[in-house]
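Worksheet for the structure shown next.
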Amino acid sequence: MLQIPYLRENRDLVIERYTRRNLDAAETIDQIITLDNQRKATQQSMDQDLAEGNRLAKEIGDLYKSGKAAEANELKQKTKVLKEKSNEEKTKLQEIEEAQLNLLYQLPNVPNAIVPNGKSDADNKIISEHGTKAKFDFDAVPHWDLAKKYGLIDFEVGVKIAGAGFPVYMGKGAKLQRALINFFLDEAENAGYSEVVPPHLVNEASGYGTGQLPDKEGQMYHVGVDDLYLIPTAEVPITNIYRDVIVKESDFPIKNSGYTPCFRREAGSYGKDVRGLNRLHQFDKVEIVQIQHPDKSYEALDGMVKHVASILEKLGLQYRIALLCGGDLGFTAAITYDFEVYSAAQNRWLEVSSVSNFETFQANRLKLRFKNEEGKTELAHTLNGSALALPRIMAALLENYQVTDGINIPEVLVPYTKFDKID
RNA sequence: GGAGAAAUGGCAGAGCGGUUGAAUGCACUAGUCUUGAAAACUAGCGUACCGCAAGGUACCGGGGGUUCGAAUCCCUCUUUCUCCGCCA
């Protein structure tokens, strides 16, 4: 959520930047500013009336003490009028604030200056490409066939016990999954991230804190009886650890990592996008989260990008990095780099990580602040990234490392899997 | 799930209808003293909004109510603790 003083001072810049999201927000922003003027005026007069009421209350108390009940009763009439007036003003103030908040919730984060224009993922800017395409002297087999052939993943039994999009990993498939999780967590630890195991269900306040709510309820599973949401990403519980917290400047950088399953409803998905492991309702992911000083957040973003890249290097996967265009940028992000690995049998790029800087957008909702050198509280910056999402890594590993009689395991994973080949 | 008790500043802990944004202790910050440190002493030490400022307003788990006036009384929700039941 954007801060109103910021909107006031940067109205034109914000409107210009929103054009990269193909969004015309001039009217909304002006409404917010108008409401803010009303808010200030209303509060001023309410505060005055409350101050007068406080003064009178003291006076009445003194009068009673000195036995002047008649005079006191006279003043009571005055306070009654004042109270009615201040109550009206309070109601008006609440209405204004609610209207303002509803408008603010409609505004996405302001894209960073380097975010390119564009409508969809087709307009994302490929920053770099690494590695070479896996070559086969036979027809490469897609991962869903490999998974079946070697008994790694059972999609059908997942349908039986839960539904489509809930695969069951088995045998060496399950072990490879666990190996990847441990490998990713160890890599994060080596990069200075402190591991947490957060809840997999969160309350409404947490959903608001990181920006999944309002408006994106449709993406999350909701447990109605207890009014809890299954997390769509570990970003939600981990970032919310710092909700309503004022950290010390010396605490920066705060770096957390965590493995969780992620649950997404993915309503409206269909076709080749959802085949096999490409898109699931439940998947595993190791997430990295940073809380940073505003002056250091882009440095931190750079570090996170390098971290994700180094993991993909170690796994020996062909990958590329894309800078998301305005049209593809998530609601809460100021900038996002996507990582895609090449799936050698499907002949397509699969998104395996998203690394973003949210600047103060989440911090504002979270009330996540720090005390600066002058002793003033200031909003911190939040960042996060997948390091990494499992299913598409698994898909790429199976497809890219397939040989005629099995699937090889990348060397870095062997200490984790305790086997070097699936056959 | 049933029965009780409680929720106050970073922590501990007073206050139980009026001058209490809140005693006191600890922690923390700055200063004095000291070669340095400790101790001692002095001062400071919550958040948000309005205001150029002086200052004002709100907040004692959340919400609502009673009252001229509420941290203090009432209702409600949430959370924590104790006992019982159930249970990985």
Side-chain angles (χ1 to χ4, degrees), chain A residues 1-9 32-104 197-209 213 223-229 237 240-252 254 261 291 360 362-380:
Chain A
M1 192 161 69
L2 299 177
Q3 299 168 87
I4 293 166
Y6 174 83
L7 277 178
R8 279 181 183 278
E9 283 162 34
I32 289 169
I33 292 170
T34 303
L35 280 169
D36 202 46
N37 294 335
Q38 289 174 25
R39 191 197 108 249
K40 287 185 183 187
T42 307
Q43 193 186 330
Q44 273 173 31
S45 80
M46 183 185 79
D47 282 357
Q48 262 177 32
D49 291 334
L50 287 173
E52 176 69 5
N54 286 342
R55 222 204 76 236
L56 286 173
K58 271 179 199 159
E59 212 175 300
I60 290 167
D62 291 340
L63 287 171
Y64 272 122
K65 273 181 202 158
S66 49
K68 298 173 183 166
E71 286 180 47
N73 284 330
E74 216 171 287
L75 284 184
K76 277 194 195 179
Q77 294 305 313
K78 271 178 141 179
T79 60
K80 199 178 170 188
V81 176
L82 268 177
K83 191 167 186 188
E84 276 169 19
K85 189 164 167 233
S86 65
N87 274 342
E88 279 169 25
E89 285 161 336
K90 189 183 173 191
T91 306
K92 189 178 166 195
L93 190 67
Q94 284 169 343
E95 283 167 4
I96 291 171
E97 283 174 345
E98 198 190 327
Q100 206 173 29
L101 196 60
N102 284 335
L103 290 172
L104 278 169
V197 182
H200 298 171
L201 279 81
V202 293
N203 56 29
E204 197 178 45
S206 294
Y208 274 92
L213 296 174
V223 182
V225 273
D226 294 303
D227 198 16
L228 293 168
Y229 295 87
N240 270 282
I241 290 172
Y242 304 98
R243 171 152 50 87
D244 289 318
V245 170
I246 299 177
V247 301
K248 289 196 280 266
E249 194 167 350
S250 57
D251 292 339
F252 292 134
I254 296 170
I291 316 294
T360 59
Q362 290 182 329
N364 190 214
R365 288 199 188 180
L366 293 160
K367 295 194 170 49
L368 197 188
R369 293 159 295 174
F370 70 99
K371 277 212 193 298
N372 65 22
E373 283 171 344
E374 293 161 359
K376 289 253 197 184
T377 53
E378 199 180 326
L379 291 174

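Chain naming here is simple, since letters A, B, ... match the order of the sequence lines and numbering starts at 1 in each.
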- Task: Mind calculating the distance between CG (Asn87(A)) and C1' (G64(B)) to the nearest angstrom?
- Result: 12 Å
- Query: Rounded to the Å, how far apart are Lys80(A) NZ and G69(B) P?
  - Reply: 11 Å
- Round to the nearest Å and state the distance from Glu97(A) atom CD to A58(B) atom P. 15 Å
Please output the side-chain donor-acceptor pairs of residues 244-252 of chain A that fall under 3.5 Å, not counting sequence neighbours, one pair per line with the distance.
from: Glu249(A); atom 1: OE1; to: Glu373(A); atom 2: N; distance (Å): 3.2
from: Glu249(A); atom 1: OE2; to: His293(A); atom 2: NE2; distance (Å): 3.3
from: Asp251(A); atom 1: OD2; to: Lys248(A); atom 2: N; distance (Å): 3.0

- Message: For a quick test of reading the model: is some side-chain N or O of Asn54(A) closer than 4.0 Å to OP1 or OP2 of U57(B)?
- Response: yes
- Message: With a 3.5 Å distance limit and no angle check, can you tell me whether Asn240(A) reaches the backbone of Ser206(A) through a side-chain donor-acceptor pair?
- Response: yes
- Item | For G61(B), the Watson-Crick or wobble counterpart (both distances under 3.5 Å) | C77(B)
- On RNA chain B, check which nucleotide each of Gln48(A) and Ala57(A) is closest to and give me the residue with the more 5' one. Ala57(A)
- Query: Mind checking the P distance from C81(B) to U76(B)? Whole angstroms is fine.
  - Reply: 23 Å
- Message: Between C59(B) and A54(B), how far apart are the two C1' atoms, rounded to whole Å?
- Response: 23 Å
Side-chain donor-acceptor contacts of residues 87-97 of chain A below 3.5 Å, not counting sequence neighbours, with atom names and distances?
from: Glu89(A); atom 1: OE2; to: Ser45(A); atom 2: OG; distance (Å): 2.7
from: Thr91(A); atom 1: OG1; to: Asn87(A); atom 2: O; distance (Å): 2.9

- Query: When you compare G46(B) with A27(B), how far apart are their C1' atoms, in angstrom units rounded to a whole number?
  - Reply: 15 Å
- Message: I'd like the C1' distance from C28(B) over to C11(B), given in whole Å.
- Response: 11 Å
- Message: For a quick test of reading the model: is some side-chain N or O of Arg369(A) closer than 4.0 Å to OP1 or OP2 of A48(B)?
- Response: yes
- Message: Measure CG/Asp36(A) against P/G51(B) and give the value in whole Å, please.
- Response: 9 Å
- Query: Taking CD from Glu59(A) and P from U19(B), how many angstroms apart are they, rounded to a whole number?
  - Reply: 16 Å
- Message: What's the gap between G61(B) and G10(B) when it is taken at their P atoms, as a whole Å value?
- Response: 13 Å
- Give the minimum heavy-atom separation between Tyr64(A) and Asn73(A), together with the two atoms involved. OH-OD1, 3.3 Å
- Query: To the nearest angstrom, how far is Ile60(A) atom CD1 from U67(B) atom P?
  - Reply: 13 Å
- Check whether any side-chain heavy atom of Leu368(A) lies under 4.5 Å from a side-chain heavy atom of Arg243(A), and answer yes or no. no
- Message: Let's see if you can work this out: which of G69(B), U57(B), U47(B) has an atom nearest to the side-chain heavy atoms of Leu50(A)?
- Response: U57(B)
- Message: I need the CD-P distance between Glu52(A) and U57(B), as an integer number of Å.
- Response: 11 Å
- Query: Taking CG from Asp226(A) and P from U78(B), how many angstroms apart are they, rounded to a whole number?
  - Reply: 11 Å
- Could you let me know what C87(B) is paired to, Watson-Crick or G-U wobble, both distances under 3.5 Å, or none if it's on its own? none
- Using only side-chain N and O atoms of Lys83(A), determine if any of them is under 4.0 Å from OP1 or OP2 of G69(B). yes
- Message: Distance check, P atoms only: A71(B) and U66(B), in whole angstrom units.
- Response: 16 Å
- Pairing partner of G44(B) (Watson-Crick or G-U wobble, both distances under 3.5 Å): C28(B)
- Message: Could you tell me the Watson-Crick or G-U partner of C16(B), where both distances fall under 3.5 Å? Say none if there is no partner.
- Response: none
- Query: Is any side-chain nitrogen or oxygen of Thr377(A) closer than 4.0 Å to OP1 or OP2 of U47(B)?
  - Reply: no
- Could you identify which residues of residues 37-47 of chain A place a heavy atom less than 4.0 Å from some atom of RNA chain B, listed by residue number, or say none? Arg39(A), Lys40(A), Gln43(A), Gln44(A), Asp47(A)
- Message: Could you tell me how far C60(B) sits from C73(B) if I compare only their P atoms? Round to whole Å.
- Response: 14 Å
- Item | side-chain contact (heavy atoms from CB on, under 4.5 Å), paired with Leu35(A), selected from Ile4(A), Leu104(A), Leu103(A) | Leu103(A)
- Message: Tell me which nucleotide, if any, is Watson-Crick or G-U wobble paired with A22(B) when both distances must be under 3.5 Å.
- Response: none
- Message: Between G9(B) and U47(B), how many Å separate the two C1' atoms, rounded to a whole number?
- Response: 10 Å
- What does A38(B) pair with, Watson-Crick or G-U, if both distances are under 3.5 Å? none
- Query: Of the non-hydrogen atoms in Leu82(A) and Gly53(A), which two are nearest, and what is the gap between them?
  - Reply: CD1-N, 3.8 Å
- From Asn203(A) CG over to Tyr229(A) OH, what is the distance, rounded to the nearest 0.5 angstrom? 10.0 Å
- Message: Pairing check on A70(B): which nucleotide meets the Watson-Crick or G-U wobble criteria with it, both distances under 3.5 Å?
- Response: none
- Arg39(A) versus Gln100(A): any side-chain heavy-atom pair under 4.5 Å? yes
